[in-house]
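Below, all heavy atoms of this structure are taken into account, side chains as well, without hydrogens, waters or symmetry copies. Chain A is the first sequence line, chain B the second, and so forth, proteins listed ahead of strands; every chain is numbered from 1.
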Amino acid sequence: MNPENLSAALAHIVRSAVDAGDINLPAEAVPEAPRVERPKSRDHGDWATNIAMQLGKRAGMNPRQFAEIVAPKIQELDGVASVEIAGPGFINITLDAAAAGELARTIVEAGEAYGRNDQAVGDVVNLEFVSANPTGPLHIGHTRWAALGDAISRLLRASGASVTNEYYINDYGAQLETFAASVWARMHGQDVPEGGYPGQYVHEIADAILAEDPTIKDKTYDEALPQLRTRAYQIQLEDIRATLDEFEVHFDVWFSESKLHEDGAVEQALERLKAQGHTYEQDGAFWLRTTDFGDDKDRVLIKADGKPTYFAGDAAYYLSKKDRGFEQKIYLLGADHHGYVNRLRALAACAGDDMDDNIEVLIGQLISVNGARLSKRAGNIIELRDLIDWLGVDALRYSLARYPNDSPMEIDPDLLRSQTNDNPVFYVQYAHARSRSAARTADAQGIVREVEKFDAASLNHPAEEELLSKLAQFPSVVGAAAKGRAPHRVARHLESIAAAYHQWYGACRIVPAPAQDGTKPAPETVNYSRRWLNDATTQVLANGLGLLGVSAPEKM
RNA sequence: GCCUCCGUAGCUCAGUGGAUAGAGCGUCUGCCUCCGGAGCAGAAGGCCGUAGGUUCGAUUCCUAUCGGGGGCACCA
């Protein structure tokens, strides 16, 4: 019996009562999945529901009356030990120890599948994130989106969605000229031009191109430019891709902006927007009337000089996603693109989509380091690669996925570098490693998982009940995290599982304690049963860490 | 000026309208002859920025206000 089962049973009970005329409610008022939560206080049972307070008023009765009708039916469910009505109308449910303990076996048997849920079944999602300009290495500002975006992708997939991770390559426009000009300048020992890219990596790219083609140095700037422009960004993009691979972040599609322009997709997009009726011409430019859908000003698609704006590329890109069958287009953007949200949403609406259902823009707060923000142009870059070297992928990904995307993060590099146990990833990984170590010890004493030696009812210590309840909540946490695009909920829940595990470990022995004379007593049923619980915890920790892209070590 | 995010323990931060608001770090006190002490048990520490409103019930939703971050291009 887990919260999902209870919730479904509860919905059924209420619906039956409505059908029987005991409760006067329209059928559609009964939620499909009434909320079933773990009460904060153990005095309030194993699980509690507030459905009587939710529906009581609409049914024209006070919540306690409502609860009086429902509670006896809950009492009849298999695995329910007792039901109490408390306070203003909470229904508190206590399970049989056996019903709770059975979960240990369920989890072990489900293995990697435990935690998967149907929260997002049927969703076809395009998830665009990072999309850093290929004019420099990935730095700390991109790092958060890489970790979060990938974790969101994993969450959605675990919740049944079909997800495509996509990286939009800004390989079109003046910035590549500037980038190439910077490379050219470095190649000839000059300072980079005004507004160029001053970083050390530009030297390295210049050297790499020179190594490929020593003759390029003798060409004039105009002769060399096309080659520089192409190779410089390709080399940089390859570096970005390699860094992301190292970070365990993988994209399904690398989408080129310039291809949109070359293929005529931009012109076609403009035609389609025109056909939708939200465009006009003014002052020699071609505009999209985004103010029809909540933007604070209209946006130019074609400038008076006849060239498309960056936004025109965005329009074509959006339509490409739509044409490729993605119903949901999720954009993960940094706070510096905050001003973009309204126009992107309006763009979706101008293209005939629903701006609430078909597009979702997640804005993340920037990371600051010691109070100083980072800027590529200012040259004070902390590269992702350096961060990986300092901290390792696990610590970095975990600490980034541990906070909501809209929460500002401040990073103290010294603290991060210290790799001390104030980083919660060690706490969670340690619990996993410890459970594996305990399993090895149990193996050595022949305490292995055997179905006939598993007695769910023997897992009745308070620490076991607590641990089991945390494990039971895992699938709904994953589902809620997917729905809320909030990987940090998984991280926080893993921390609470780790805590419950450590407490259990302190209170309940898996292998029997040696006697005074050092001999080992024969294991009892409870020892075998605890082995199942231990391994179930291992499984949930591993599954949860996997969702965050963090490893689950056997030993530390 | 307009838009947006954030104000919760000394610090960094969780908290999907519910019961006594949580965790880590830091401080203090205990716990390994026994499965990993990177752990556990306990203590101290809060007018949830402020003021109204909605509700049976608000840290959570709405309005106002104060304080802090970010954004407001025919750039990309």
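For CD of A:Glu360, the number of neighbouring non-hydrogen atoms (other residues, nucleotides, ligands) closer than 6.0 Å is greater than 12. Heavy-atom neighbours of A:Glu32 CD from other residues, nucleotides or ligands within 6.0 Å: at or below the threshold of 12.
One finds a side-chain N or O of A:Ser437 lying less than 4.0 angstrom from the OP1 or OP2 phosphate oxygen of B:G36. Between A:Lys40 and B:A19, a side-chain N or O to OP1/OP2 separation shorter than 4.0 Å is present. Distances shown here put a side-chain N or O of A:Arg35 below 4.0 Å from the OP1 or OP2 atom of B:G17. Phosphate proximity of B:G15 to A:His488: present, with a side-chain N or O under 4.0 Å from OP1 or OP2.
Stacking annotation: A:Tyr427 is not stacked on the base of B:A38 (requires ring centroids less than 5.5 angstrom apart and an interplanar angle below 30 degrees). By the 5.5 angstrom centroid cut-off and the 30-degree plane limit, A:Tyr505 is classified as stacked against the base of B:C35.
Nucleotides B:U33 and B:U29 have their C1' atoms positioned 24 Å apart, rounded to a whole Å.
Stem regions annotated for RNA chain B: B:1-7 with B:66-72, B:10-13 with B:22-25, B:27-31 with B:39-43, B:49-53 with B:61-65, counting only runs of 3 or more consecutive pairs of Watson-Crick or G-U type with both contacts under 3.5 Å.
By the 4.0 Å N-to-carboxylate-O rule, A:Asp43 lies too far from A:Lys40 to be salt-bridged with it. Taking the charged nitrogens against the carboxylate oxygens, A:Arg530 and A:Glu464 do have a contact shorter than 4.0 Å, which makes a salt bridge.
By the rule that a glycosidic angle within 90° of 0 means syn, B:C66 does not qualify and counts as anti.
Near RNA chain B, defined here as any heavy-atom distance below 4.0 Å, the residues from residues 281-294 of chain A are A:Asp283, A:Ala285, A:Trp287, listed numerically.
Contact of A:Asn50 with B:G18 (side chain to base): a donor-acceptor pair of N or O atoms is detected under 3.5 Å. For B:A19, the base has a donor-acceptor partner in the side chain of A:Asn92 [N/O atoms by modelled type, under 3.5 angstrom].
When the side-chain contact (heavy atoms from CB on, under 4.5 Å) test is applied to A:Asp394, the partners found at least two apart in sequence or on another chain are A:Gln429, A:Val550, A:Ser551.
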